[in-house]
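Structure record follows, encoded as structure tokens.
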Amino acid sequence: MIRIQSAGTLALISSVLLSSCNTYFDPVDPYVRGVRFYDRGQYDVSAQLWDPLVEKGDCDAEYWVGMLHFMGQAKPQDNDKAITLWRKAAAGNHPKAQGALGDLHYQSTATAHRCAKCDIQKDLVQAYVWYRLLERSARYDGERRYVKYILAKLEPEMSSDQVAEGARLISQWKPTPKDCGARSLW
């Protein structure tokens, strides 16, 4: 039987155990801390925590710093920088970035990421590819519900040739340079 001598010892043990679990409450991971500050609307603190991670190729940070640029929160509003970061994260198999690129290629009022000023042409095949990749890589119920909803709208707009081309592209797709290992915090 293990006896804990003090509250300080218990706090230390709890901190060590939590720091290795990569949950939303992880006190050590700067990405997770950035998410908590983002949720509180403290975008500048999130950016300070995420910028060094972007430099190291962290795909979770790439997606969210892209979002800061896209929304103009703690970063200058810059669609090109957002899209560049999302492309990098999506290529590494990041679900939210894949969904963002699907949205930008679909250009529907039903999507979460809309951008009239982005230099991306509507392309149903590319949208389909990104949404199907999101469907495979989704980590959260909300991501799964979103892609199911969007695919139900997109697929009726596509010809059978477009669906076949999308399926062909998906069958050849591999994360580059490797699967980024996006976090699952819950």
Side-chain angles (χ1 to χ4, degrees), residues 31 34-35 38 43 46-47 50-51 53-183:
Y31 168 73
V35 170
Y38 184 92
Y43 308 118
S46 296
W50 290 336
D51 284 341
L53 298 176
V54 167
E55 291 176 23
K56 295 177 183 175
D58 184 299
C59 64
D60 291 310
E62 289 167 347
Y63 171 76
W64 283 106
V65 171
M67 186 60 92
L68 293 175
H69 281 291
F70 193 70
M71 302 300 291
Q73 299 167 322
K75 297 278 186 190
Q77 201 285 324
D78 188 331
N79 295 329
D80 291 336
K81 281 187 181 179
I83 292 167
T84 297
L85 288 166
W86 289 343
R87 282 186 176 136
K88 188 172 180 212
N93 205 30
H94 191 275
K96 285 179 177 42
Q98 291 168 337
L101 292 179
D103 288 350
L104 294 175
H105 284 287
Y106 186 22
Q107 298 184 10
S108 168
T109 57
T111 61
H113 302 84
R114 289 188 289 277
C115 182
K117 296 179 181 178
C118 291
D119 192 22
I120 293 181
Q121 300 298 313
K122 184 170 185 168
D123 184 334
L124 298 183
V125 173
Q126 282 300 304
Y128 180 80
V129 168
W130 287 119
Y131 288 137
R132 286 293 181 187
L133 292 172
L134 163 59
E135 186 177 50
R136 288 197 317 203
S137 64
R139 287 166 172 74
Y140 302 106
D141 289 340
E143 293 168 344
R144 290 182 195 93
R145 282 190 304 271
Y146 180 73
V147 75
K148 183 178 178 182
Y149 165 78
I150 291 297
L151 283 170
K153 295 198 171 293
L154 172 65
E155 287 174 333
E157 296 179 35
M158 297 177 70
S159 70
S160 58
D161 288 343
Q162 288 174 313
V163 172
E165 176 63 9
R168 184 186 70 74
L169 293 170
I170 292 164
S171 72
Q172 297 173 345
W173 188 85
K174 289 184 171 103
T176 54
K178 62 180 179 137
D179 192 314
C180 68
R183 295 166 181 83

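For this chain, numbers begin at 1 and follow the sequence in order. All values below come from the heavy atoms of this structure, side chains included, with hydrogens, waters and symmetry mates left out. Owing to the predicted nature of the structure, the values given are computational and were not obtained by experimental measurement.
Taking each heavy atom of Ala127 and Gly102 in turn, the nearest pair found is CB-O, 3.5 Å. The shortest heavy-atom contact between Gln98 and Trp130 is O-CB, 3.3 Å. Closest non-hydrogen pair, Gln126 versus Leu169, comes out as NE2-CD1, 3.9 Å. Shortest non-hydrogen contact noted between Asn79 and Cys115 is ND2-SG, 3.3 Å. What you find for Gly66 and Leu85 is that their closest heavy atoms are N-CD1, 3.6 Å. Contact detail for Ala47 and Leu68: the closest heavy-atom pair is CB-CD1, 3.8 Å.
Annotation: the span from Asp123 atom CG to Leu101 atom CG amounts to 11.5 Å, rounded to 0.5 Å. Interatomic distance, Trp64 CH2 to His69 NE2, rounded to the nearest 0.5 Å: 14.5 Å. Residue Arg87 holds its CZ atom at 8.5 Å from CG of Leu104, rounded to the nearest 0.5 Å. Here the OG-CE distance, from Ser46 to Met67, works out to 12.5 Å after rounding to the nearest 0.5 Å. Here the CD atom belonging to Glu157 is positioned 11.5 Å from the OG atom belonging to Ser159, to the nearest 0.5 angstrom.
Checked for salt-bridge contact, Lys75 and Asp51 meet the test: a charged N lies under 4.0 Å from a carboxylate O. Between Arg183 and Asp58 there is a salt bridge, since at least one side-chain N of the basic residue sits less than 4.0 Å from a carboxylate O of the acidic one. For Glu143 and Lys96, the salt-bridge test passes: some basic side-chain N is under 4.0 Å from an acidic carboxylate O.
Residues Ile170 and Gln172 have side chains not in contact (no heavy-atom distance under 4.5 Å, counting atoms from C-beta outward). Between Glu155 and Tyr128 there is a side-chain heavy-atom pair separated by less than 4.5 Å.
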query: What's the verdict on side chain to side chain contact (heavy atoms under 4.5 Å, CB included) for His94 and Ser137, showing C-alpha distance, side-chain angles and the deciding distance?
result: CA-CA 7 Å; His94 191 275; Ser137 64; over 6 Å; no
- prompt: Do Ile83 and Cys118 pass the side chain to side chain contact (heavy atoms under 4.5 Å, CB included) test, and can you show the C-alpha distance, the side-chain angles, and the key distance before you say yes or no?
  reply: CA-CA 9 Å; Ile83 292 167; Cys118 291; 3.7 Å; yes
message: Between Tyr106 and Tyr131, does the side chain to side chain contact (heavy atoms under 4.5 Å, CB included) criterion hold? Intermediate values first, please.
response: CA-CA 10 Å; Tyr106 186 22; Tyr131 288 137; 3.7 Å; yes
- request: Show the numbers, then the answer: is there a side chain to side chain contact (heavy atoms under 4.5 Å, CB included) between Trp50 and Glu62?
  value: CA-CA 8 Å; Trp50 290 336; Glu62 289 167 347; over 6 Å; no
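Ser108 places a side-chain N or O within 3.5 Å of a backbone atom of Ala110 that can act as its donor or acceptor partner. For Thr111 (side chain) and Arg114 (main-chain N/O), no donor-acceptor pair under 3.5 Å exists by modelled atom type. Using modelled atom types, no side-chain atom of His105 and backbone atom of Val125 make a donor-acceptor pair closer than 3.5 Å. Side-chain atoms of Asp179 do not come within 3.5 Å of backbone N or O of Asn93 as any donor-acceptor pair. The backbone N or O of Pro95 sits nowhere less than 3.5 Å from a side-chain atom of Arg139 that would complete a donor-acceptor pair.
Between His113 and Trp86, the angle of the ring planes goes over 60°, which puts this pair in the perpendicular group of the 30/60° scheme.
In this structure, a donor-acceptor pair under 3.5 Å is present between the side chains of Tyr146 and Asp103.
More than 12 heavy-atom neighbours from other residues, nucleotides or ligands sit within 6.0 angstrom of NZ on Lys122.
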